[in-house]
Chemist: 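Right, I'll just put the structure down here and ask away after.
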Amino acid sequence: MNQENEDVKNENIEMTDDKTNQQVLEETEAVEKNTAEEVNPAEQLEKLQKEIEQLNSKLEEADNRYLRLQADFDNFRRRTRLDQEASEKYRAQSIVTDLLSVLDNFERALQIEVDNEQTKSLLQGMDMIYRGLLDALKKEGVEPIEAIGKEFDPHMHHAVMQGSDENYGPGVVIEEFQKGYVLKDRVIRPSMVKVNQ
C-alpha cells in the first residue's frame, strides 16, 4: 500500500509540475503579447499631446464662458443700479404730473381782477397756498421752464402758433400759453408756446 501511495504522490507532483509549467507558459505568452501590443514612445507622446491639446481647448472654452457670464452679471448689476437710481431720482414724477393741473388752476385764479377787499384777501390766501405748493415742488427738483425770449427748443417747448414780433429774432418764443416743467433733468411737460417767424 505504501507503494501505491507513493505512486499516487508522484503522479500528483507530475500533475502539479504540469500545471505549473502550463501557468508559466501562459504567463510568458501574456507578457509576449503585451510587449507586442506596446506602443512605441513616439506614438505615446503624440497621443498624450493630443489629449493635452483637447484639455487645453476645453479649459479655454470654460474660461471664455466664465468671463462672458461675469460680464453679463456686471452689466445686469450696473443696469439694476441705474434703474434704482432713476427710480429714486424721479420718484415724485407721478404726483408732480397730477399736481400740474392744480398749479394751472391756481395761476388762472390768481389772474382774476378783483375790486372788493374780501376777494383780494381770498386771492392773497390762494397766492400763499400757490407759493407753498411751488416751494414743496421745488424741494423735489421741479422747476418751471423759462420760455419767453428763449430760443425755441423742441425738447422743452411745444409750438402751437407762429407769430411776428419785431422785438424778437426768428425762432424765439414770444408768448407762453401754458407753463412747462422739468423734474431734475427730465421734462415732465413742455411749455405750450407761440414762436416768432
Chemist: Just do the side-chain contact (heavy atoms from CB on, under 4.5 Å) check on V195 and H157 with the steps written out, would you?
Modeler: CA-CA 10 Å; V195 182; H157 307 124; over 6 Å; no
Chemist: For F76 and T80: C-alpha separation, side-chain torsions, deciding distance, then whether side-chain contact (heavy atoms from CB on, under 4.5 Å) applies.
Modeler: CA-CA 6 Å; F76 169 75; T80 303; 3.7 Å; yes
Chemist: Going by the salt bridge (charged side-chain N to carboxylate O under 4.0 Å, His left out) test, which pairs reach into residues 69-78, not counting sequence neighbours?
Modeler: D74-R77
Chemist: Return the CG to CD distance between D165 and Q197, rounded to the nearest 0.5 Å.
Modeler: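 The CG atom of D165 sits 11.5 Å away from the CD atom of Q197.
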Chemist: V193 and V160: side-chain contact (heavy atoms from CB on, under 4.5 Å), yes or no, with the steps?
Modeler: CA-CA 6 Å; V193 298; V160 292; over 6 Å; no
Chemist: Going only through I, L, V, M, F, W and Y residues with side-chain contacts under 4.5 Å, is there a path from F152 to F177?
Modeler: no
Chemist: Has N196 got a side-chain atom pairing as donor or acceptor with V172's backbone, closer than 3.5 angstrom?
Modeler: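 Not a single qualifying donor-acceptor pair exists.
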Chemist: How far apart are the closest heavy atoms of M126 and F106, and which atoms are they?
Modeler: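 So the two residues come closest at O-CE2, 3.6 Å.
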Chemist: Please report the shortest heavy-atom distance between V142 and L183, naming the atom on each side.
Modeler: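 In terms of heavy atoms, the two residues are closest at CG2-CD1, 3.7 Å.
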Chemist: Would you say K194 has more than 12 foreign heavy atoms packed within less than 6.0 Å of its NZ?
Modeler: yes
Chemist: Taking side chain to side chain donor-acceptor pair (under 3.5 Å) as the definition, give me every residue that meets it alongside R68, ordered by chain and number, with sequence neighbours left out.
Modeler: none
Chemist: Would you be so kind as to tabulate the donor-acceptor pairs closer than 3.5 Å made by side chains of residues 94-102, with sequence neighbours excluded?
Modeler:
| from | atom 1 | to | atom 2 | distance (Å) |
| --- | --- | --- | --- | --- |
| T97 | OG1 | Q93 | O | 2.7 |
| S101 | OG | D98 | O | 3.3 |

Chemist: Using a side-chain heavy atom cutoff under 4.5 Å and only I, L, V, M, F, W and Y, what cluster partners does I145 have?
Modeler: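 Via sub-4.5 Å side-chain contacts, I145 links to M156, V182, V187.
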Chemist: Just jot down the side chain to side chain contact (heavy atoms under 4.5 Å, CB included) partners of I148, sequence neighbours excluded, or say none.
Modeler: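 Y168, E176.
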Chemist: Just jot down the salt bridge (Lys or Arg N to Asp or Glu O under 4.0 Å) partners of D153, sequence neighbours excluded, or say none.
Modeler: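 Applying salt bridge (Lys or Arg N to Asp or Glu O under 4.0 Å) to D153 gives none.
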Chemist: Under the side chain to side chain contact (heavy atoms under 4.5 Å, CB included) test, which residues partner E85, sequence neighbours left out?
Modeler: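 R81, L82.
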Chemist: Of all residues at least two apart in sequence or in a different chain, which pass the side chain to side chain contact (heavy atoms under 4.5 Å, CB included) check with Q178?
Modeler: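 Q178 satisfies side chain to side chain contact (heavy atoms under 4.5 Å, CB included) with D104, R189, M192 once adjacent residues are dropped.
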Chemist: Tell me every residue that passes side chain to side chain contact (heavy atoms under 4.5 Å, CB included) with K47, counting only those two or more places apart in sequence or in another chain.
Modeler: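 By the side chain to side chain contact (heavy atoms under 4.5 Å, CB included) rule, K47 matches E51.
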Chemist: Using every non-hydrogen atom in the two residues, find where S191 and G180 come nearest and quote the distance to one decimal.
Modeler: OG-N, 3.0 Å
Chemist: Write down the atom of I174, the atom of S164, and the distance for their closest heavy-atom approach.
Modeler: CD1-N, 4.3 Å
Chemist: Just checking E143: does its CD atom have more than 12 heavy atoms from other residues, nucleotides or ligands closer to it than 6.0 angstrom?
Modeler: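 It does: E143 CD has more than 12 such atoms within range.
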Chemist: Using the rule that Ile, Leu, Val, Met, Phe, Trp and Tyr join whenever any side-chain heavy atoms are under 4.5 Å apart, tell me whether I129 and L122 fall into a single cluster.
Modeler: no
Chemist: Can you list every pair that meets side-chain hydrogen bond (donor to acceptor under 3.5 Å, both in side chains) and has a residue in residues 117-140, with sequence neighbours left out?
Modeler: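 Found R91-E140, E107-Y130, N116-T119, D127-R131.
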Chemist: Please name all residues satisfying salt bridge (Lys or Arg N to Asp or Glu O under 4.0 Å) with E46, sequence neighbours left out, ordered by chain then number.
Modeler: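 Residues passing salt bridge (Lys or Arg N to Asp or Glu O under 4.0 Å) with E46: K50.
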Chemist: Sorted by first residue and then second, give each side-chain hydrogen bond (donor to acceptor under 3.5 Å, both in side chains) pair with at least one member in residues 54-66; sequence neighbours left out.
Modeler: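 side-chain hydrogen bond (donor to acceptor under 3.5 Å, both in side chains) check on residues 54-66 returns no pairs.
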